[in-house]
A.B. asks: 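Take a look at the following structure, please.
Lettering of chains follows the sequences in order, A, B, ..., and the numbering in each one begins at 1. Predicted model only: the values in this text are computed from it and were never measured.
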Amino acid sequence: MNTDQEKIIGPEFLNRPVLTVAEELIGNHICRKIAGEVERHIITEVEAYDGQEDKACHAHKGRTPRNTIMFGPAGNWYIYLCYGMHWLLNIVTGPENYPAAILFRGIKNTTGPGRLTKRLQIDKSQNEKTASPQSGLWLEGATGQSQSIQIERTPRIGIGYAGKHWANVPYRFVMKG
DNA sequence: TAAGTGATCTCT
DNA sequence: GAGATCACTTAA
């Protein structure tokens, strides 16, 4: 018997290598409750940021007030303002004290991390919250669908400053079609 | 192609 | 406290 609880993606799913989690998130659902109405969107594009060695990861220079949440346990949201006007949404993954997160870059019919958060009405009020129906923002598994999708891997976007190696590793996952 | 926009971080 | 930086979007 599948209850709603069993479909929710929580720390058990997220506390694994960030690349594995990122790839498996494609095709699943991001869920948002706004004024009592629940919306579900298919995840089509994500990027992985993997630990302090990853020069593109916000935590690569060590712990700061902003990125402390990434050092915490998996399953929390990391949301920050980019270029002064765009909120970017990440989910923390991996074990405690290992800073890794996945950036949500696109959902069905909406491409771009800044547009995604605008579409879902996400801002810093969700930052550091746990992904769960109680916080109004969570992830659900789309069982049955994920077997038929095709995933493409490409280098990440907009991180040329990270150096030749880290700017070229294929840590971006996009749903084909 | 370029400019808008403001929190955060790294120096003084 | 000041200046540089930045995981983007939009309008031309």
Side-chain angles (χ1 to χ4, degrees), chain A residues 9 14-30 32 39 41-95 97-131 135 137-139 151-176:
Chain A
I9 293 175
L14 298 167
N15 187 10
R16 294 183 297 155
V18 64
L19 292 177
T20 305
V21 177
E23 182 164 9
E24 294 186 12
L25 275 180
I26 298 289
N28 288 311
H29 291 149
I30 184 167
R32 177 75 168 122
E39 293 184 355
H41 303 273
I42 298 173
I43 299 164
T44 58
E45 185 179 346
V46 298
E47 281 180 6
Y49 290 86
D50 188 17
Q52 284 189 273
E53 285 188 13
D54 182 351
K55 289 204 179 85
C57 180
H58 280 178
H60 86 273
K61 283 182 186 165
R63 197 174 186 133
T64 69
R66 180 174 69 163
N67 65 33
T68 289
I69 187 68
M70 289 176 74
F71 289 79
N76 295 323
W77 297 113
Y78 170 46
I79 299 166
Y80 75 96
L81 188 64
C82 183
Y83 296 109
M85 51 188 95
H86 303 296
W87 295 107
L88 267 57
L89 174 67
N90 306 248
I91 188 78
V92 176
T93 69
N97 295 316
Y98 184 87
I102 295 166
L103 168 68
F104 290 85
R105 294 191 60 90
I107 55 178
K108 189 160 177 132
N109 300 325
T110 302
T111 317
R115 303 171 86 193
L116 183 152
T117 52
K118 190 177 175 187
R119 172 74 182 76
L120 297 182
Q121 300 181 33
I122 288 164
D123 61 24
K124 68 176 175 189
S125 65
Q126 294 288 336
N127 190 28
E128 304 189 12
K129 294 261 174 66
T130 300
S135 65
L137 184 64
W138 70 101
L139 301 166
I151 296 173
E152 191 175 0
R153 289 183 68 162
T154 78
R156 292 172 291 185
I157 305 296
I159 53 156
Y161 64 89
K164 196 174 180 184
H165 174 71
W166 291 108
N168 284 295
V169 287
Y171 282 9
R172 176 168 171 252
F173 299 86
V174 188
M175 188 193 295
K176 272 193 181 177

A.B. asks: Of the options A/Val18, A/Ile102, A/Ile9, A/Val21, which is the one that meets A/Ile91 in a side chain to side chain contact (heavy atoms under 4.5 Å, CB included)?
C.D. replies: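 Exactly one option meets the side chain to side chain contact (heavy atoms under 4.5 Å, CB included) with A/Ile91, and it is A/Ile102.
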A.B. asks: Say you draw a straight line from CE of A/Met70 to CZ of A/Arg66; how long is it, rounded to the nearest 0.5 Å?
C.D. replies: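 Answer rounded to 0.5 Å: 9.5 Å.
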A.B. asks: Could you tell me how far apart A/Tyr80 (OH) and C/dC8 (C1') are, to the nearest whole angstrom?
C.D. replies: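 About 9 Å, once rounded to whole Å.
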A.B. asks: Between A/Phe104 and A/Ile43, does a side chain to side chain contact (heavy atoms under 4.5 Å, CB included) hold up when you go through it step by step?
C.D. replies: CA-CA 8 Å; A/Phe104 290 85; A/Ile43 299 164; 3.7 Å; yes
A.B. asks: Under a 3.5 Å distance rule, please check whether A/Trp87 uses its side chain to pair with a backbone N or O of A/Gln121 as donor and acceptor.
C.D. replies: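 No: the side chain of A/Trp87 does not pair with the backbone of A/Gln121.
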A.B. asks: C/dC8 C1' sits how many Å from A/Asp123 CG, rounded?
C.D. replies: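 A/Asp123 atom CG is separated from C/dC8 atom C1' by 17 Å.
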A.B. asks: Please give, in whole Å, the distance from C/dT5 P to A/Lys55 NZ?
C.D. replies: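 Whole-Å distance recorded here is 17 Å.
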A.B. asks: Would you give the length of the straight line joining atom CD1 of A/Ile42 to atom CE of A/Met175, rounded to the nearest 0.5 angstrom?
C.D. replies: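 These two atoms lie 6.0 Å from each other.
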A.B. asks: How many Å lie between CZ on A/Arg119 and P on C/dT9, as a whole number?
C.D. replies: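 My rounded result for the distance is 15 Å.
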A.B. asks: Could you tell me whether the side chain of A/Ile157 reaches within less than 4.5 Å of the side chain of A/Glu47, counting heavy atoms only?
C.D. replies: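 In contact.
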A.B. asks: Specify the separation, in whole Å, of atom CZ of A/Arg115 and atom P of C/dC8.
C.D. replies: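 About 13 Å, once rounded to whole Å.
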A.B. asks: To the nearest angstrom, how far is A/Leu103 atom CG from C/dC6 atom P?
C.D. replies: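 Spelled out: CG on A/Leu103 to P on C/dC6 is 16 Å.
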A.B. asks: Which nucleotide of DNA chain B is the first, and which the last, in the 5' to 3' direction, to come under 4.0 Å of a heavy atom belonging to chain A?
C.D. replies: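 Nucleotide range in contact with chain A: B/dG4 to B/dT10.
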A.B. asks: Using 0.5 Å steps for rounding, measure from the CD1 atom of A/Ile69 to the CD1 atom of A/Ile79.
C.D. replies: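 Taking CD1 in A/Ile69 and CD1 in A/Ile79, the distance rounds to 10.0 Å.
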A.B. asks: Of A/His86 and A/Lys124, whose nearest nucleotide on DNA chain B comes first from the 5' end?
C.D. replies: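 The answer here is A/His86.
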A.B. asks: Are side-chain heavy atoms of A/Tyr98 and A/Asp50 found at a separation under 4.5 Å?
C.D. replies: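 In short, these two side chains touch, coming nearer than 4.5 Å.
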A.B. asks: Dot-bracket, DNA chain C: Watson-Crick or G-U, under 3.5 angstrom, [ ] crossing, | other strand?
C.D. replies: ||||||.||||.
A.B. asks: Under 4.0 angstrom, heavy atoms only, what part of the nucleic acid is A/Arg105 near: base, sugar-phosphate, or nothing?
C.D. replies: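 The answer is sugar-phosphate, as A/Arg105 gets under 4.0 Å only of primed atoms, P, OP1 or OP2.
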A.B. asks: Is the shortest side-chain heavy-atom distance between A/Tyr171 and A/Asp54 below 4.5 Å?
C.D. replies: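 Sidechains of A/Asp54 and A/Tyr171: in contact.
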